[in-house]
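Okay, so here's the structure we're looking at.
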Amino acid sequence: MPELPEVETIKNVLLPIVKNRKILGVEILRKSVVYGLKEEFIEFVTGTSILNITRRGKFLIFHLSEQKVIISHLRMEGKYYELAENEALSKYARVVFHLDNQTKLCYDDLRSFGRMAMSDEASYLTSKPLIDLGPEPFDITDVNFLYKQGQKTKRPIKTSLLSQKLFVGLGNIYVDEVLFKSGLHPLTPTKYLSIDDWEMVVAHSKSILKDAIASGGTTVKSYRPGKDISGNFQTQLRIYGRRGQKCVVCHRNLRFIKVGGRGTTFCPQCQLHAHSPLKIAIVGKIAAGKSTVLDIFMQAGYC
DNA sequence: CTTTTATCCTGTGGGC
DNA sequence: TGCCCACAGGATAAAA
């Protein structure tokens with residue numbers, strides 16, 4: 001669900017609400033959401049205070065007293081919100097933190113894909129899962145490492161960008177936006193990207209993510225950064241969710257394919273395959289298989 | 001080592 | 001209406 005701008009927004013909305021609150025108790029309503037033993041987690045958190053909340057990629061980091069840290073990932077549907085102690089929990093509440101001001105911090109997760117893990121200040125950045133993350137997009141000043149890393153794989157560029165290993169923050173929505181703006185076909189083998197391509201990918205990632213943060217994120221389906229708050233970047237999406245429509249730039253029919261199992265919308269005119277011929281002739285007699293071949297090319301998004 | 005596949009869950013919407 | 005299937009913003013462990 002949430003990508004970098006949504007997690008950043010959630011962090012900003014949540015911090016003033018829970019900062020310096022002491023956690024009096026914890027209820028775990030779905031134990032699979034917490035790594036390790038339920039009792040261990042409750043013991044770990046109870047009695048600590050929430051000193052700060054930060055973000056690393058799409059992970060939320062709760063900094064507690066006693067050098068304790070909770071790493072929280074919302075995956076598709078996770079969300080945090082505060083309720084008064086006497087208010088009823090939602091059907092999808094998975095973890096509830098009881099605070100010292102008659103309120104409770106609720107973690108809701110319809111699909112229960114989200115996870116929370118215990119860690120500490122000394123090691124959370126250098127142990128899994130954060131250890132494998134690439135840099136924050138806003139910290140990138142030199143794209144050379146991306147070019148070098150990219151040379152090693154022929155995986156589709158979209159898959160590489162979603163992996164969070166080159167740099168963090170892009171999910172299925174923003175990666176389609178970035179590739180569209182960069183004029184790159186989502187199936188382009190990563191090794192074919194030039195230094196200039198990487199410059200463009202990084203520049204557009206920064207500007208799109210920055211604009212999305214300024215809009216409070218994108219509200220698709222159920223995302224809410226907080227109670228009664230929703231993002232509105234969805235009005236600025238130029239390619240994501242426009243399946244079946246025409247390109248906002250060239251007015252050709254947009255194409256929808258699967259890349260690494262993820263739904264992908266792109267413009268066949270504005271996003272050409274890098275380093276592939278622009279024209280191919282297919283000749284043959286009737287029933288020789290020309291249209292079959294054409295279908296395969298079209299399926300792959302070459303024409 | 002890299003890359004692909006299966007999996008964790010629940011709900012919604014389209015087609016028949 | 002009911003049923004079945006495809007799809008949904010993500011990451012990870014296991015398998016290949």
Side-chain angles (χ1 to χ4, degrees), chain A residues 1-10 28-36 55-61 71-80 90-95 107-117 127-134 148-180 186-187 189-191 205 208-209 212-213 215-225 230-244 256-265:
Chain A
M1 161 199 177
E3 305 177 37
L4 187 150
E6 291 74 36
V7 179
E8 179 70 15
T9 303
I10 289 164
I28 298 174
L29 305 171
R30 179 67 67 96
K31 62 182 178 184
S32 63
V33 166
V34 171
Y35 281 119
R55 177 190 60 72
R56 176 75 175 96
K58 304 175 195 170
F59 290 84
L60 271 179
I61 318 294
I71 302 169
S72 171
H73 199 299
L74 284 53
R75 297 285 180 93
M76 306 284 217
E77 300 278 347
K79 47 191 70 76
Y80 283 100
S90 120
K91 182 179 173 182
Y92 306 114
R94 305 304 188 204
V95 181
Y107 175 71
D108 255 41
D109 194 339
L110 184 150
R111 293 169 77 179
S112 294
F113 275 8
R115 292 290 181 269
M116 289 182 207
S127 54
K128 65 171 189 177
L130 302 194
I131 183 68
D132 295 322
L133 297 180
K148 280 185 181 151
Q149 285 285 110
Q151 294 279 82
K152 297 178 189 169
T153 179
K154 58 178 176 53
R155 283 198 302 180
I157 180 60
K158 170 158 177 170
T159 305
S160 293
L161 292 175
L162 284 176
S163 78
Q164 309 298 302
K165 287 190 169 65
L166 292 173
F167 65 91
V168 299
L170 298 181
N172 207 36
I173 296 178
Y174 298 113
V175 75
D176 277 10
E177 295 296 314
V178 167
L179 291 174
F180 176 67
L187 288 173
T190 306
K191 64 193 295 185
S205 296
I208 288 170
L209 292 173
I213 291 170
S215 300
T218 298
T219 299
V220 181
K221 288 192 179 179
S222 62
Y223 160 79
R224 290 283 183 286
S230 60
N232 62 353
F233 190 74
Q234 63 277 10
T235 59
Q236 297 176 55
L237 297 176
R238 292 163 64 81
I239 191 81
Y240 176 84
R242 291 183 182 268
R243 176 182 188 171
F256 182 85
I257 58 173
K258 290 276 184 179
V259 180
R262 314 298 302 279
T264 302
T265 309

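Lettering of chains follows the sequences in order, A, B, ..., and the numbering in each one begins at 1.
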Between dT12(C), dG10(C), dA8(C), which nucleotide gets closest to the side-chain atoms of Lys58(A)?
dG10(C)

The side chain to side chain contact (heavy atoms under 4.5 Å, CB included) partners of Glu8(A) (sequence neighbours excluded) come to Lys11(A), Asn12(A), Arg55(A), Ile213(A)

CD1 of Ile257(A) versus P of dC7(C): gap in Å, rounded?
13 Å

Can you name the residues that form a side chain to side chain donor-acceptor pair (under 3.5 Å) with Arg238(A), not counting sequence neighbours?
none

Qualifying salt bridge (Lys or Arg N to Asp or Glu O under 4.0 Å) pairs with a residue from residues 158-167 of chain A, counting only residues at least two apart or across chains:
Lys158(A)-Asp176(A)

Where are the stems of DNA chain B, defined as at least 3 consecutive Watson-Crick or wobble G-U pairs with both distances under 3.5 Å?
B:2-8 with C:10-16, B:10-16 with C:2-8

Sort me out a list of protein N/O and nucleotides 6-9 of chain B N/O pairs below 3.5 Å, or just none if empty.
from   : atom 1 : to        : atom 2 : distance (Å)
dC9(B) : O4'    : Arg111(A) : O      : 3.2
dC9(B) : O2     : Arg111(A) : NE     : 2.9

Determine the contact category for Lys91(A): base if any of its heavy atoms lies under 4.0 Å from a base atom, sugar-phosphate if only primed atoms, P, OP1 or OP2 are that close, otherwise nothing.
sugar-phosphate

Quantified in whole Å, what is the P atom distance between nucleotide dC4(C) and nucleotide dC9(B)?
22 Å

Among all residues two or more places apart in sequence or in another chain, which pass the side chain to side chain contact (heavy atoms under 4.5 Å, CB included) test with Ser90(A)?
Tyr81(A), Tyr92(A), Asp108(A)

Any side-chain N or O of Lys128(A) less than 4.0 Å from the OP1 or OP2 oxygen of dA13(C)?
yes

Please list, chain by chain and in numerical order, all residues satisfying ring-ring contact (aromatic ring centres under 6.0 Å, His included) with Phe180(A), sequence neighbours excluded.
none

Spacing of the P atoms in dA11(C) and dC1(B) (rounded, Å)
22 Å

Arg56(A) meets the salt bridge (Lys or Arg N to Asp or Glu O under 4.0 Å) criterion, sequence neighbours left out, with Glu136(A)

Any side-chain heavy-atom pair of Thr153(A) and Ser160(A) under 4.5 Å
yes

Residues which pass side chain to side chain contact (heavy atoms under 4.5 Å, CB included) with Arg243(A), listed by chain and number, not counting sequence neighbours:
Phe256(A), Thr265(A)

Would you mind reading off the distance between Asp176(A) atom CG and dC7(C) atom P, rounded to a whole angstrom?
15 Å

For Tyr92(A), report the nucleic acid contact type (base, sugar-phosphate, nothing); a contact means any heavy atom under 4.0 Å.
sugar-phosphate

Can you give me the closest heavy-atom contact between Pro2(A) and Lys58(A), atom names plus distance?
O-CD, 3.9 Å

Quick one: which protein N/O atoms are closer than 3.5 Å to N/O atoms of nucleotides 3-5 of chain B? Pair and distance per line, please.
from   : atom 1 : to        : atom 2 : distance (Å)
dT3(B) : OP1    : Thr153(A) : OG1    : 3.0
dT3(B) : OP2    : Thr153(A) : OG1    : 3.4

Taken in chain and number order and not counting sequence neighbours, the residues that satisfy ring-ring contact (aromatic ring centres under 6.0 Å, His included) with Phe59(A) are His73(A)

Any residue meeting ring-ring contact (aromatic ring centres under 6.0 Å, His included) with Tyr174(A), in chain and number order, not counting sequence neighbours:
Phe233(A)

